[in-house]
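Keep in mind that the numbers below use all heavy atoms, side chains included, and drop hydrogens, waters and symmetry copies.
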Amino acid sequence: MALGDLMASRFSQSTVLVVPNHNHVEDSAPSFSSAAANSDEAADFPLRRDSEAAIASSSTNYVGNAATSMAYLPQTLVLCELRHEAFEASVPAGPSDSGLVSKWRPKDRMKTGCVALVLCLNISVDPPDVIKISPCARMECWIDPFSMAPQKALESIGKTLSSQYERWQPKARYKCQLDPTVDEVKKLCTTCRRYAKSERVLFHYNGHGVPKPTANGEIWVFNKSYTQYIPLPISDLDSWLKTPSIYVFDCSAAGMIVNSFIELHEWSASNSAGTPRDCILLAACEAHETLPQSAEFPADVFTSCLTTPIKMALRWFCTRSLLRESLDYSLIDKIPGRPNDRKTLLGELNWIFTAVTDTIAWNVLPHDLFQRLFRQDLLVASLFRNFLLAERIMRSANCSPVSHPMLPPTHQHHMWDAWDMAAELCLSQLPSLVEDPNTEFQPSTFFTEQLTAFEVWLDHGSEHKKPPEQLPIVLQVLLSQCHRFRALVLLGRFLDMGPWAVDLALSVGIFPYVLKLLQTTTPELRQILVFIWTKILALDKSCQVDLVKDGGHIYFIKFLDSMEAYPEQRAMAAFVLAVIVDGHRRGQEACVEAGLIHVCLKHLQSSCPNDSQTEPLFLQWLCLCLGKLWEDFTEAQTIGLQEDATSIFAPLLSEPQPEVRASAVFALGTLLDVGFDSCRSVGGDEECDDDDKFRAEVSIVKSLLCVASDGSPLVRAEVAVALARFAFGHNKHLKSIAAAYWKPQTNPLINSLPSFANIKGSVGGYSNQNQHIPQGSIVSPQIGPIRVGNDNSSVVRDRRVSSSSPLTSSGIMHGSPMSDDSSHHSDSGILNDGFSNGVVNHAGPKPLDNALYSQCVLAMCTLAKDPSPRIASLGRRVLSIIGIEQVVAKPLKSSGVRTAEPSPSLAGLARSSSWFDMNGGHLPLTSFRTPPVSPPRPSYITGMRRVCSLEFRPHLMNSPDSGLADPLLGSGGASGTSDRSFLPQSTIYNWSCGHFSKPLLTAADDGEEVLARREEREKFALEHIAKCQHSAVSRLTNPIAKWDIKGTHTALLQPFSPIVIAADENERIRIWNHEEATLLNSFDNHDFPDKGISKLCLVNELDDSLLLAASSDGNIRIWKDYTLKGKQKLVTAFSSIHGHKPGVRSLNAVVDWQQQCGYLYASGEISSIMLWDLDKEQLVNPIPSSSDCSVSALAASQVHGGQFAAGFVDGSVRLYDVRTPELLVCGLRPHTQRVEKVVGIGFQPGLDQGKIVSASQAGDIQFLDIRNHSSAYLTIEAHRGSLTALAVHRHAPIIASGSAKQLIKVFSLEGDQLGTIRYYPTLMAQKIGPVSCLNFHPYQVLLAAGAADACVCIYADDNTQAR
């Protein structure tokens, strides 16, 4: 069990971490196997519900059987993890080491080094101002002064007082003055201060044999001959004892002295600007009071409370207890045991007393005062605990002890009742224990009961309620072995409530206790201690120092290495170790010495990928821990490379969890040595050979390039950070490649290269050539807008680089002509100058091969144009490291673009194809500034994953480059930027730390609301599905709502609210409520729109739906809160299409989303269909489209997970099923009369998997059944050519088609035409525009139609009222 059986009995979840379930069905069940929630099991779709998985739904009675309803109501939920909350917005902060957190640390621990005891008793002579009663209190230090000779009595009282104080502070030096003169007191004070140096001095004054203090603030001592009382001004005392000091005044009217002291300090503070004096005062009574004289008390009742509290408390309690008749008081002095042995009666009483007084103080005092009085100095803390008892006892005798600083009254606190009960139980055992020392003593139930009270608070308390009173008692209980485990488990539950709870526990003083417990070897405490330390370090990083100093890191390394613990608990140990080494060199060294690298790598290696036993959190934290260990620590990096870390990390980059992939990228990135130069040796001798290092860098960079186009922004952000480190280390080579990339070329060279064999067109001019360079990368179509500044070039070519070809798994295609920078020449023999001007010869990193550098440059460019704004800005920073500088010609909406002042030479700006066509140059322009080098030529930048077509356009520049200095180049211009601070920082570590600050033991509270809303929606859906299926559909030509919007590209109706979403050609998304005719929100999908949005769909439509917007270039952006004005947030964004066909400049991406299995299908002018798993945010695999022409329409089955149909440009239709090994189910060519592209395709309503509707641009609609391969079973000649849109209703037997010739037709599945829409519902009956999109409501018979000219309309059947 995670936190022991006790924990398990308290929770239904048995593991420490409650894994976020992707699944409504399973939310209610306890998640015993956390691995099941996040890893692939035998099934193709982990935790997904296919139509066949007949799970009974809450409302099966609506539609046939359970399986059917499940098929219509997918249970999958995607993109609602922590990482989707606010990736774009926030830069997370990890554990802090300042602010709220460090307040709990005692500012400066102090010690009382010297104690001065001054007793003015003058035994047998009463002072003149005291009239004693009879019988009168006589005992001083529990000695009757009249029981022996006065001088002897005085000495033994002095000795006893000294020993009573020593019990609280054995290490201090004690000096006693009995009935002294002023000079003796002065000498005593100065000696004490001299001895104590800067430590605290305690001054104890007993004035029972002298008059009361005076109103002027004087206490009395004697002259040498004891004939006079001599006043001693407080100011003198203060000047001798200085600060820090603590005074105890046991005399009548002691409050006078306190008042005088306060005046004195206020006066001196106003006169000098020095630090306030640290001076603490304890006085026996108020200024107008005299000490109690009742014989039931000792004469020095105040001193007795302060120095012998247990004896005093029991004696006082005896007179008030039910036992007072039967108990012999003298037994109190015979209580067996030692005060500091908790297994004896005296020890236990003392322990309970400490717990009670500590608890009262913590609950009553302000936080800072509690820290100062009860946690800073042991002796002061003991005296103040005992002072609380003095207040209780003396108030019963009408006397109020005073302190400075003043405490609130505590004598009636209800915790005293608990003390009384414990005292009574103890007293009742006392007679039998004294009679027979061998009697078994019954321990008190006090601590058990208090822990139960704490547990009750945990069940009902929260941050907004009063904090639990028992916290200090929990702390005391940690001292005892018998209660320790339970106390730790409860403490763990408390800390889990949030950072506020951790802060409270630390301020009570838990830290030294849990630090000390790391030295125990008790196995059952290990899990809970690791959990507690996880919570502490998630709040306060500064504890790393204490842990390393005490060797605590060894404890966690052992735990991490132990196989018995659950993986998610070992993940916590990895987290603790990561915090220990985070930016802490001593911690890094200690952990390397303890073999942490080996342990982490061993466990990463043993957890084979996709093994259902590995907890992703564990893998994630192993990676982060190693990354933090390697960060800026060369020795550790060397050991990592020697242990083959790079190949151990490679398989982690394809793990299903984005967090694991991102952490692995982070760790690999830290192995890239930023300041790497080959002449530096490690520790005097070369431990890691240069070749090894070189090979490691190559393999790291190749690994990074494989995930540069990962589906998760979390991963791509880390790739950008790692590439920045690489660019920093290999600045020169990358700059030369980059410079070459955008440098004008001379003609003959290009034509003579083997790779240009396929160039057609004129040799002389560049203007309209399309060259296909076999080259690939991880880039999307365009290599951003670039300005290359040469010394005096007057012409800069604008070239577009768009790239394609199927993804190859290795990332590198061999055999293309490629000049290695040092020796190999390509077959043509032309490229023989290599790098000639000093690039090869400079000391620094050994150059990798050019193909790899070129891929890196392309990957950097892709990142700079990432659909996620945050990653795009990271990408731009990376480009600026290699000398491609962003110049912004007009301020953009998005911030974070680096600006330089535009120079006059910006006239000839290259722009990428998409940006160029749209925006005539108003976009972030890129300029290139490097010292001239003779670079590798772009023509042989090969070995990439796609083919680029470069298109050159001449642009005259008005003037030579005006020589803007590159801020990134050093003075020599060679070393690149030397300022490490410019490197973008990784955020995955800080972001991941947030997981441990959140409650791990309890599930979120809002589960029930969410389930209720989900059930309500399922019920609504099922009712409406039944209506749709059985409705006799009429004409559907009744327009119920209309908006004017320019150039609608796509429209969507929301299922559960009257909302319509439409996007126009500029990718502006507008959301209306069509019942109230109000615009709810409108926003730009992104800042550089190209050809509009090709598809809008809802993700998680039965829950909190997200809006998926797919742009024509294949970029996917998913928005949450899109209906709230201005509050929309980007959940994730990625480019869904990689690799284009040669010669294709634009991409018309077609995309569809399948909720059943969480898959997104995307294709376009590429030779495959990309299958993305949005749960893993990962490309599952590209499905070869087995056709030469590109996909023009895609439809995913909304009932059968894994099935989709594709329509092609040549009029063919293919059905795929990703669950089958061959993927392709069948291919048909239904459109035979006039072969034009398939414009729309859709699955027919119902559960039949093989029935498809396909519409061709020629105007014919074919109804297909794949069981009959030969031909369509029904053909509708809907339009004569120019069919532009097709919509098939999800549940009702109805389809609609639209034409560019300005009409919409509605048909039944039998082919009957149900209606035609030609005119708008306006007075003039204006004709509708060319139809651009059609979309049915999923559960109602409503049709949204968008026209290319100006409008979106919603049509219902005739009996619906128009609004």
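Contact check on D459 versus R493 returns a salt bridge, with a Lys/Arg side-chain nitrogen under 4.0 Å from an Asp/Glu carboxylate oxygen. The existence of a salt bridge linking R372 and D377 is excluded, since no basic side-chain nitrogen approaches an acidic carboxylate oxygen closer than 4.0 Å. E348 and K343 are not joined by a salt bridge, as no carboxylate oxygen comes within less than 4.0 angstrom of a charged side-chain nitrogen. With respect to R385 and D358, a salt bridge is recorded, a charged nitrogen being found less than 4.0 Å from a carboxylate O.
For the pair K628 and Y989, the cation-pi test (distance below 6.0 Å, angle within 45°) is passed.
The main-chain N or O of L629 is found under 3.5 Å from a side-chain atom of Q588 such that the two form a donor-acceptor pair. The backbone N or O of S992 lies less than 3.5 Å from no partner atom in the side chain of E659, so there is not a single donor-acceptor pair. Of the possible donor and acceptor atoms, one in the side chain of K535 sits under 3.5 Å from a partner among the backbone N and O of F996. Using a distance-only test at 3.5 Å, with no hydrogens or angles considered, a donor-acceptor pair links the side chain of R570 to the main chain of L560. Put simply, the side chain of Q605 never gets that close to the backbone of K602: no donor and acceptor are under 3.5 Å apart. A side-chain donor-acceptor contact under 3.5 Å links W457 to the backbone of K466.
Atom-to-atom distance recorded for K171:NZ and L378:CG is 9.0 Å, nearest 0.5 angstrom.
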Checklist entry - Taking it one step at a time, do R486 and E455 satisfy salt bridge (charged side-chain N to carboxylate O under 4.0 Å, His left out)? => result CA-CA 10 Å; R486 183 181 176 205; E455 195 167 352; 2.9 Å; yes

Next on the checklist: Is there a side chain to side chain donor-acceptor pair (under 3.5 Å) between Q544 and H553? Walk through the geometry before answering.
Outcome noted: CA-CA 9 Å; Q544 54 181 193; H553 59 288; over 6 Å; no

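For the 3.5 Å distance criterion, the side chains of N340 and R167 fail to qualify, holding no donor opposite an acceptor.
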